[in-house]
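Have a look at the structure below before the remarks.
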Amino acid sequence: MPDRKKKDSFILQAGILASAGIIVRIIGLLYNAPLVAIIGDEGNGYYNSAYYAYSIILLISSYSIPSAVSKVIAQKLATREYRNAHRIFRCALYYVLVVGGIASLFVFFGAGLLVKMESAVFPLKVLAPTIFFSGILGVLRGYFQAHKSMTQTSVSQIVEQIVNAGVSIGMAYVMVGVAADRDATTRASYGAAGGTIGTGAGVLAGLFFMAGVYALNKKTIRKRIERDTVHEDESYKEIFKMILMVVTPFILSTGIYNINNFLDNTIYQRIMMDYRKLDEAVVAMDLSVVAKGTKISNIPIAFASAMSSALIPGISSDFARKKMSGVKEKVAKSVKVTMMISIPCAAGIGVLAKPIMMVIFHQPESLEISSVLLTCMAVSIIFYGLSTLAQAILQSIGRMKTPIINATAAVVIHAGIMIGTMMLLDEKYSLYCYVFSTILYSLILCILNQCSVHHYLKYRQGAVKTFLLPVLASVVMGAAAFGVYQGLYYLCKINIVALAAAVFVGVMVYFVLIIRWKVVSEAELTGMPKGRMMAGIARKLRILRPEEDNKQRSAHAGASYVKGKSDKKKKTSKPSGKRKPSPKGNASVKDGENLEVKIYEREQADKKPENAEVSFRSIYETDTDSDDYWLDD
């Protein structure tokens with residue numbers, strides 16, 4: 001049992017980060033509804049245009065820092081080089097202070113170069129200082145992730161988003177009021193700028209939280225550094241060189257991987273404003289429609305991103321210690337869990353796109369087109385989930401150039417097709433060309449990254465339980481959810497009630513099917529976050545039948561015992577054929593007692609309740625020394 005828990009630890013850590021990521025995305029959706037109501041579709045277009053430009057500079061300057069820092073520090077922690085790990089942490093801070101400062105100044109003074117629409121320049125300038133603070137926050141998060149502790153990062157993300165939501169809505173309302181006596185486009189621009197103020201406030205809140213966590217653990221950090229007297233200190237020159245060697249590929253791959261949003265947004269603006277001669281207000285409203293679908297489809301993708309963040313330290317450690325079996329096992333489990341979540345999410349969002357859009361973004365003038373586009377985008381959830389995970393795997397095993405090459409190929413191919421289709425087809429198909437190119441990009445990247453992972457690790461993923469059965473279960477789930485929604489909405493005409501019932505029925509149908517079809521075993525289920533609770537529910541619903549498992553274990557134990565007994569007899573028997581007499585019945589009694597003891601011990605081990613402290617500490621695959629669990633305190 002303890003060994004199995006250790007092996008599933010990264011799934012638990014990914015679950016912690018994924019839960020936070022999903023909570024963050026849900027909060028983002030909830031506050032986006034009133035934000036769009038305040039600033040309108042036009043303002044939302046300016047807001048997203050500025051945000052995409054900000055995001056790509058953030059990605060290049062500091063967004064990749066947590067993954068890069070966690071990878072480098074995790075490798076040092078695997079060999080117990082605590083002093084060098086902390087020196088890397090300090091160098092990473094110096095790095096982001098310089099790079100983040102330069103990036104912030106570039107965005108502030110060069111905003112007009114990054115966005116085509118003039119009304120998006122002001123919101124982008126407001127976002128500029130946020131890049132500087134995001135770099136520092138990223139280093140702190142990466143430091144804790146390297147210790148395979150995602151709790152601090154998760155809480156800081158939630159704090160960041162809560163503050164972001166409150167300040168964004170409040171400042172958008174204030175800024176629209178400031179420009180109340182000016183034209184509609186100016187009001188929309190000012191409202192978008194107010195929304196971006198919330199982004200900066202959220203980053204500052206997350207930074208203060210992580211700085212507080214670090215301060216609380218500072219004494220223990222010093223203690224561990226002082227105990228490390230064996231390893232030789234690496235020079236700061238070598239460390240900076242190492243950081244650049246690791247961070248640069250991370251930046252290039254992550255930047256190219258995520259440039260598609262910014263690139264697609266820019267291509268659409270250029271073609272529609274320069275070639276089609278449309279007004280920027282019309283283009284902004286089109287971009288707002290696409291952004292609504294993107295925000296919703298990004299929620300399940302958050303799980304793959306969290307899985308990737310949790311995966312990098314574990315795989316890097318195993319790879320550094322030449323434990324290839326551990327690497328392959330982690331990869332196989334992470335792909336399976338990601339698909340078990342991404343596939344049904346894609347199906348659910350696809351069939352319930354309009355009801356979901358009616359709850360979150362209910363602007364009547366764009367409801368129909370945004371719902372259709374969201375249905376089309378749903379399939380990209382699966383492709384993005386796999387490609388994000390595969391990119392992290394490749395980076396963890398030292399194949400830094402491969403994701404860059406794959407992402408570059410996907411960017412070039414999809415950009416060429418997007419430009420061609422938008423210029424050749426009628427203007428009314430422009431938004432569909434935008435969405436199609438996004439799906440194409442995710443598909444190409446998914447195929448290339450998966451082929452690379454299989455090539456370098458020489459492993460095969462179980463296709464039936466990872467892909468085929470989840471797809472079939474999702475089809476049944478989608479049909480059930482769609483039927484329930486249509487029936488209830490026909491009866492009560494209340495969208496939120498019909499949607500909630502449809503989601504509940506869909507989740508239960510999928511849950512039953514993946515267990516009854518043995519897509520996930522009881523051991524795998526209990527290894528997931530809240531897995532014991534889900535297993536308990538499954539037993540109460542008689543979906544899981546523990547008595548069958550106990551029979552199988554008993555039969556296996558009996559077979560093992562008989563085999564061991566016969567082997568022992570073969571080994572100890574003499575060729576002479578003479579045997580010492582034994583009391584009648586003693587052997588059979590002893591055999592039965594040993595078998596019962598073995599079965600009882602197995603059952604008790606499975607039933608043994610977990611102590612909260614033991615459970616939490618067992619998720620770390622570091623030292624057994626109690627000082628190595630300081631991050632839990």
Side-chain angles (χ1 to χ4, degrees), residues 15 18-19 21-23 25-26 29-30 292-293 295-304 336-362 370-386 465-520 524-525 528-531 533-544:
S19 300
I22 291 170
I23 291 170
R25 299 297 171 93
I26 291 173
L29 279 179
L30 293 176
K292 290 175 182 179
K295 286 185 190 322
I296 294 172
S297 64
N298 278 343
I299 292 178
I301 296 174
F303 185 87
K336 183 177 179 180
V337 172
T338 300
M339 288 299 95
M340 281 173 54
I341 294 173
S342 298
I343 292 172
C345 285
I349 289 174
V351 299
L352 299 173
K354 188 173 180 179
I356 293 170
M357 198 64 73
M358 288 168 65
V359 171
I360 303 168
F361 300 111
H362 45 76
S370 57
S371 301
V372 173
L373 294 179
L374 177 58
T375 300
C376 297
M377 286 182 193
V379 69
S380 67
I381 293 170
I382 301 170
F383 302 143
Y384 272 122
L386 267 178
K465 289 189 176 182
T466 304
F467 301 106
L468 181 59
L469 291 180
V471 167
L472 294 176
S474 297
V475 170
V476 177
M477 177 209 75
F482 183 78
V484 169
Y485 175 81
Q486 293 296 332
L488 276 178
Y489 190 74
Y490 178 79
L491 294 173
C492 68
K493 301 295 182 184
I494 303 175
N495 179 62
I496 188 69
V497 173
L499 178 61
V503 170
F504 176 77
V505 170
V507 169
M508 292 307 298
V509 167
Y510 183 75
F511 182 62
V512 170
L513 290 177
I514 62 169
I515 292 178
R516 295 306 295 166
W517 291 353
K518 302 187 186 306
V519 176
V520 58
E524 290 173 331
L525 186 63
M528 298 178 188
K530 300 295 181 182
M533 182 186 72
M534 290 190 288
I537 294 171
R539 290 192 196 96
K540 288 180 181 178
L541 296 174
R542 298 184 182 276
I543 304 169
L544 266 181

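Not one N or O on the side chain of Lys465 forms a donor-acceptor pair closer than 3.5 Å with the backbone of Lys336. Remark: the backbone N or O of Met339 is not paired with any side-chain donor or acceptor of Ser342 at under 3.5 angstrom.
Side-chain contact between Met357 and His362 is absent, with no heavy atoms from C-beta onward closer than 4.5 Å. When side chains are defined from C-beta on, Leu513 does not count as touching Met477, because their heavy atoms never get closer than 4.5 Å. Side-chain contact between Val509 and Val505 is present, with heavy atoms from C-beta onward closer than 4.5 Å. Residues Thr338 and Leu386 fail the side-chain proximity criterion, which asks for heavy atoms closer than 4.5 Å. Counting only heavy atoms from C-beta outward, the side chains of Tyr510 and Pro470 approach each other to under 4.5 Å.
Going from atom CD1 of Ile381 over to atom CD1 of Ile299 covers 9.0 Å, rounded to the nearest 0.5 Å. Taking OG1 of Thr375 as the start and NZ of Lys354 as the end, the distance is 10.5 Å to the nearest 0.5 Å. Between the OG atom in Ser297 and the NZ atom in Lys292 there is a gap of 14.5 Å [rounded to 0.5 Å]. Between the CD1 atom of Ile301 and the CD1 atom of Ile382 there is a distance of 10.5 Å, given to the nearest 0.5 Å. The structure places CD1 of Ile296 at 4.5 Å from CD1 of Ile360, a figure rounded to the nearest 0.5 Å. Note: Met358 CE to Ser370 OG = 11.0 Å, rounded to the nearest 0.5 Å.
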Donor-acceptor pairs under 3.5 Å, side chain of residues 493-504 to any protein atom, not counting sequence neighbours: which ones?
residue : atom : partner : partner atom : Å
Asn495  : OD1  : Tyr485  : OH           : 2.6
Asn495  : ND2  : Pro355  : O            : 3.2

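Looking at residues two or more places apart in sequence or on another chain, you find a side-chain contact (heavy atoms from CB on, under 4.5 Å) between Leu472 and Leu468, Leu469, Trp517.
Annotation for Phe467: atom CZ counts as buried by contact number, over 12 foreign heavy atoms lying within 6.0 Å.
When all heavy atoms are compared, the tightest approach of Ala481 to Gly506 is CB-CA, 4.4 Å. Heavy-atom minimum distance, Ser371 versus Ala353: O-CB, 3.5 Å. Scanning all heavy atoms of the two residues, the minimum distance from Ala473 to Ile514 falls at CB-CG2, 4.3 Å.
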